[in-house]
Structure formats: C-alpha cells, structure tokens
Participant: 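Please see the structure below; I have some questions.
Only a predicted model underlies this, so the values are computations on that prediction, with no experimental measurement involved.
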Amino acid sequence: MTAPAQTTVATPPPLRRNRDFLLLWTGNWLQFFGSRMSTVCYPLLALQISGGSAEAVGLASAAAVLPQAVVQLPAGVLVDRWDRRAVMRWCAAGRFLALAAVGVTLALDVLGMELLLGLIAVEVSLAIVGALAERAAVRTVVPGEQLPAALSQNEARGRIAGLLGGPAGTVLYTWTRWSPFVAATLGALIAAVNLRFIRADLSTQSPQKRRPLHRDLADALRWLCGQRALRAMLPVVTVATALLQVVTQGLVVILVKEQGLPEATLGLVLGISGCGGLLGALTGRWFMARLPLPVLLIGGLTLWAALMNAMAWATGPVQLGVLFALMNIIGAVFGVATAVYQVTVTPQELQGRVAALSGLVVALGATAGAFCAGKLLQAYRGQLSLLVAAGLMAVTAAVAALVPAVRKARIPDATARHGTRAPS
C-alpha cells in the first residue's frame with residue numbers, strides 16, 4: 001500500500017536573499033538619499049534667491065507638491081499600461097538631468113526663482129511617476145506574505161535617507177550651494193543601472209486592450225469609491241498632510257529667519273527628527289501586530305496635535321528636533337500601516353491608478369497646505385502658525401473618531417489578497 005503523496009509549499013527566501021528586491025531597494029535608496037539632500041535645500045535656496053521671503057519658501061514647497069495634483073492621474077494609468085522597469089529607468093534618467101541643471105545653473109549664478117520652481121516641478125514629477133511604478137513592482141518581486149515586511153523596509157529606507165540626507169544636504173549646501181544637487185545625480189544614475197539587472201518581468205501583463213485614459217481612470221475611481229474605509233480615510237489623511245506643511249516650512253522660517261541661526265542648524269534638527277522616523281519605520285510591523293489601524297490613525301492624529309502645540313513653545317533646535325522626531329515616529333508607523341492596507345486591498349492591475357487617485361487627493365491637500373502655510377507664516381510668524389495648525393489637527397482627529405468606516409477599518413491578510421484581480 002502506497003502512502004499518499006504530501007503536498008509541500010515552498011517557503012520563499014527571506015527578503016535579504018531576494019536579488020530583485022535588493023536591486024530595487026538599494027537603487028531607490030540611493031535615489032531617495034540624493035532626493036532628500038536636494039529637497040531639504042530647495043527652501044533654503046528659495047530663501048536665498050528671494051532675499052529672505054517666507055512666501056518664497058511657500059512657493060518652493062508648493063512647486064514640490066503641485067505636480068502631485070497634476071501628474072498623479074496620467075502617471076497611474078501609464079504605470080498600469082507600460083513596462084514598469086522602463087518607466088523607472090526613464091524617470092531616473094530625467095531626474096539626473098533636472099538635478100544636474102539645478103547644480104550647474106546655481107554654480108554659474110544664473111538660477112532665478114522662476115527657473116528654480118520649474119526645475120523643482122520637473123524633478124518631483126518624475127519622482128512621482130517612478131514611485132508609483134516602484135510600488136506596483138514590489139508586489140511583483142515579493143511574495144504576498146512578505147509584503148508587510150517589504151513595505152516596512154521601504155518605509156525604513158525613506159527614513160534612513162531622511163536621517164542621513166537632510167544633514168548631509170545642509171552641510172554640503174553650507175560648503176558649496178550647488179554641491180548637494182550635483183551629488184544627488186549619482187543616486188539617480190545608480191538606480192537606473194540597477195534596474196537593468198532585475199530579472200523579474202515588470203510588465204503589466206494585462207489582458208485588456210488599450211482604452212481611452214478616462215475609462216481606465218473611471219474603473220479605478222469606481223473601485224475606490226466602493227471601498228468605504230479608503231474613501232473615509234482619504235480626507236482625514238489629506239487634511240493632516242496639509243497641516244503638516246506648517247511644521248515643515250515653520251522649521252525653516254523659525255530657525256533661519258526668526259532666530260537667525262546658521263542654515264546648518266536645520267540639518268541638526270532634521271538629523272534628530274530622522275532618528276525618530278527610522279525608529280518608527282523599524283517598529284511599524286510591531287505596532288501593526290498589536291494595534292488596529294483605527295487606533296494608529298486616530299491616536300496618531302491626536303498625538304500630532306499635542307506635539308505641534310509643544311513645538312510652538314520650544315526654545316531651541318534640540319527641543320524642536322526631539323518633538324519633530326516624535327512626530328516622525330508616529331508618521332512612519334502610520335505610513336507603513338496605510339501602505340500595507342492600500343497595497344493588499346488593491347487588485348494588481350489597478351495598483352498604479354488607485355495609488356495615483358489616492359495620491360492626487362492627498363496632493364491637493366498638500367498643495368493647498370503649502371500655499372497657506374507660507375502665507376500664514378508670513379503674516380503671523382512661527383509660534384502662532386503652529387498653534388493654529390495644532391488646533392486644526394485636534395479637530396481632524398475628533399472628526400476621524402466619529403466616522404464608523406474609519407473605526408472599523410482592518411488590514412486584510414496579505415497572502416489571501418495577493419494576486420487578486422479586479423472584476424471586469
């Protein structure tokens with residue numbers, strides 16, 4: 001009598017041995033590091049070119065978030081249609097040229113405010129498209145059960161880039177103002193090279209024939225509107241993102257303009273806060289295993305309000321850095337949780353479009369927040385602006401707690417959802 005054959009399920013290798021994931025992760029880490037160096041210098045550069053205008057800082061910040069409102073939707077459709085490897089390579093090459101243009105024109109002393117805003121918009125637009133393609137590609141190179149770990153590592157990657165890139169960018173900027181932008185081109189170049197050696201098929205493999213862009217977007221919008229939890233959480237996240245613009249711009253205005261501290265002081269604050277973001281990213285899975293998503297969201301918004309209020313009364317860069325670090329811990333944990341939720345509930349062929357639609361809503365809030373933050377800081381200085389933002393953040397947390405769909409939201413099992421297709 002023969003024993004029945006046993007079916008065994010192969011255990012996927014750990015992420016540290018996943019060659020394609022490592023190539024994708026390291027290339028984009030270097031690109032994020034370079035981007036973080038340049039991003040932290042954009043407001044400082046705007047402040048210098050404009051002769052010390054807080055409104056110019058707001059314009060530079062708006063130029064960095066406005067493309068998210070313009071580029072997101074077409075980018076989401078194209079990411080779902082085109083080979084994602086080619087999309088990421090072209091975006092990396094374009095960012096290389098844009099960052100080099102900032103550095104070269106600054107070194108030649110021909111960089112004006114209009115040109116700076118244009119180059120910021122181009123560089124950020126390419127970064128948006130590349131990020132959408134990468135998020136969709138992660139689900140191809142990583143098994144479903146490893147998605148939370150992979151997305152946690154991606155969040156940690158961004159936080160490490162912020163921890164190191166922010167201080168490095170301000171130090172380079174203080175030394176030679178064009179150097180952080182030229183240095184950032186190296187990360188984009190390496191990311192483009194790494195993509196060449198990824199073996200996985202990153203094409204969409206969609207059986208549907210190409211349709212008008214608006215119909216593809218309508219499918220994604222219809223699906224998104226049917227998700228009550230996502231539909232309820234998006235406005236909450238959007239308002240919170242808008243209010244956070246007051247904090248990020250306020251650091252530049254308070255430290256450099258109002259307190260007259262050296263520009264390198266901003267690097268110290270960002271270095272301290274970056275440690276908090278890294279800690280939050282590394283512990284994101286731990287918190288997700290113990291706290292439901294509504295607690296992470298509503299509790300996080302409440303703590304953000306309290307910390308923003310404390311920042312209004314802080315008297316030095318170290319205190320501001322520690323408080324901002326605590327905000328980054330909360331933001332990183334929430335970032336991991338929301339990314340896992342969105343990726344696991346979204347069908348593979350809708351990944352780019354759903355991420356784009358969600359990103360568009362958040363970007364509209366960030367754009368409005370960037371413009372309003374610059375005006376607010378120009379009119380009322382740093383302390384009062386932070387107090388106003390803290391009060392509005394507390395109201396946002398209270399509203400989120402009253403919405404049933406937010407209170408009932410739960411992250412589904414990633415293994416069960418992996419590979420799920422959208423209904424035709």
Participant: Tell me if a side-chain donor or acceptor on Arg407 pairs with a main-chain N or O of Ala401 at a distance below 3.5 Å.
Facilitator: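 Yes, because the side chain of Arg407 sits within donor-acceptor range (under 3.5 Å) of the backbone of Ala401.
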Participant: Contact between Tyr42 and Leu116 at the side-chain level, heavy atoms closer than 4.5 Å - yes or no?
Facilitator: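 Side-chain contact under 4.5 Å: yes.
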Participant: Roughly how far, to the nearest 0.5 Å, is the CE atom of Met393 from the CE atom of Met327?
Facilitator: 5.5 Å
Participant: State, with a plain yes or no, whether a side-chain heavy atom of Leu189 is found less than 4.5 Å away from one of Leu30.
Facilitator: no
Participant: Are the side chain of Arg19 and the backbone of Phe197 linked by a donor-acceptor contact shorter than 3.5 Å?
Facilitator: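 Yes, the answer is positive, given that a donor and an acceptor are paired below the 3.5 Å cut-off.
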Participant: Taking all atoms of both residues into account, what is the closest heavy-atom pair of Gly280 and Ala332, and its distance?
Facilitator: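 Closest approach of Gly280 to Ala332: C-CB, 3.6 Å.
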Participant: So, Gln319 side chain and Ala314 main chain: donor-acceptor pair closer than 3.5 Å or not?
Facilitator: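 Pair absent, no side-chain N/O of Gln319 close to backbone of Ala314.
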Participant: Please check if the side chain of Asn328 supplies one atom and the backbone of Ser273 the other of a donor-acceptor pair under 3.5 Å.
Facilitator: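 Yes.
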Participant: Give, for atom OG1 of Thr105 and atom CG of Leu119, the distance between the pair rounded to the nearest 0.5 Å.
Facilitator: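 Reported value, rounded in 0.5 Å steps: 6.0 Å.
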Participant: Quick one: closest heavy-atom pair of Leu126 and Gly94, and the distance?
Facilitator: CD1-C, 3.2 Å
Participant: Can you find a pair of side-chain heavy atoms, one from Leu224 and one from Arg231, that are under 4.5 Å apart?
Facilitator: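 Side-chain contact under 4.5 Å: no.
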Participant: With a 4.5 Å heavy-atom cut-off, do Leu44 and Val40 have their side chains touching?
Facilitator: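 In short, these two side chains do not touch, never coming nearer than 4.5 Å.
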Participant: Hey, does the side chain of Thr185 reach the backbone of Phe181 with a donor-acceptor pair shorter than 3.5 angstrom?
Facilitator: no
Participant: Taking all non-hydrogen atoms of both residues into account, name the closest pair between Ala397 and Thr302 and its distance.
Facilitator: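 Result for this residue pair: CB-OG1, 3.5 Å.
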Participant: Looking only at non-hydrogen atoms, find the nearest pair between Asn194 and Leu23 and report the distance.
Facilitator: ND2-O, 3.2 Å
Participant: Which pair of non-hydrogen atoms, one from Met88 and one from Gly130, has the smallest distance, and what is that distance?
Facilitator: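 Scanning both residues completely, I find the closest heavy atoms to be CG-O, 3.9 Å.
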Participant: Should Phe324 and Ile272 count as side-chain neighbours, where that means a heavy-atom distance under 4.5 Å?
Facilitator: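 Answer no - side chains too far apart.
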Participant: Please tell me if the side chains of Val237 and Thr241 come closer than 4.5 Å, counting only heavy atoms from C-beta onward.
Facilitator: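 The answer is yes, as the side chains (C-beta and beyond) meet within the 4.5 Å cut-off.
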Participant: What are the two closest heavy atoms between Asn309 and Ala390, and how far apart are they?
Facilitator: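 Answer, listing the atom of Asn309 first, then Ala390: N-CB, 3.6 Å.
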Participant: Any chance CZ of Arg196 has more than 12 other-residue heavy atoms, nucleotides or ligands included, within less than 6.0 Å?
Facilitator: no
Participant: For residues Leu244 and Trp304, determine if any side-chain heavy atom of one lies less than 4.5 Å from a side-chain heavy atom of the other.
Facilitator: yes
Participant: Going through the distances and angles, do Phe334 and Tyr341 end up as a ring-ring contact (aromatic ring centres under 6.0 Å, His included)?
Facilitator: CA-CA 11 Å; Phe334 175 60; Tyr341 182 83; over 10 Å; no
Participant: Using distance alone, with no hydrogens and no angle criterion, decide if Ser35 and Arg95 have a side-chain donor and acceptor under 3.5 Å apart.
Facilitator: yes
Participant: May I ask you to test the Lys375-Phe371 pair for a side-chain heavy-atom distance under 4.5 Å?
Facilitator: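 Counting from C-beta outward, Lys375 and Phe371 never come under 4.5 Å.
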Participant: To the nearest 0.5 Å, what is the distance between CG on Leu230 and CG on Leu357?
Facilitator: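 Between Leu230 CG and Leu357 CG, I get 11.0 Å after rounding to 0.5 Å.
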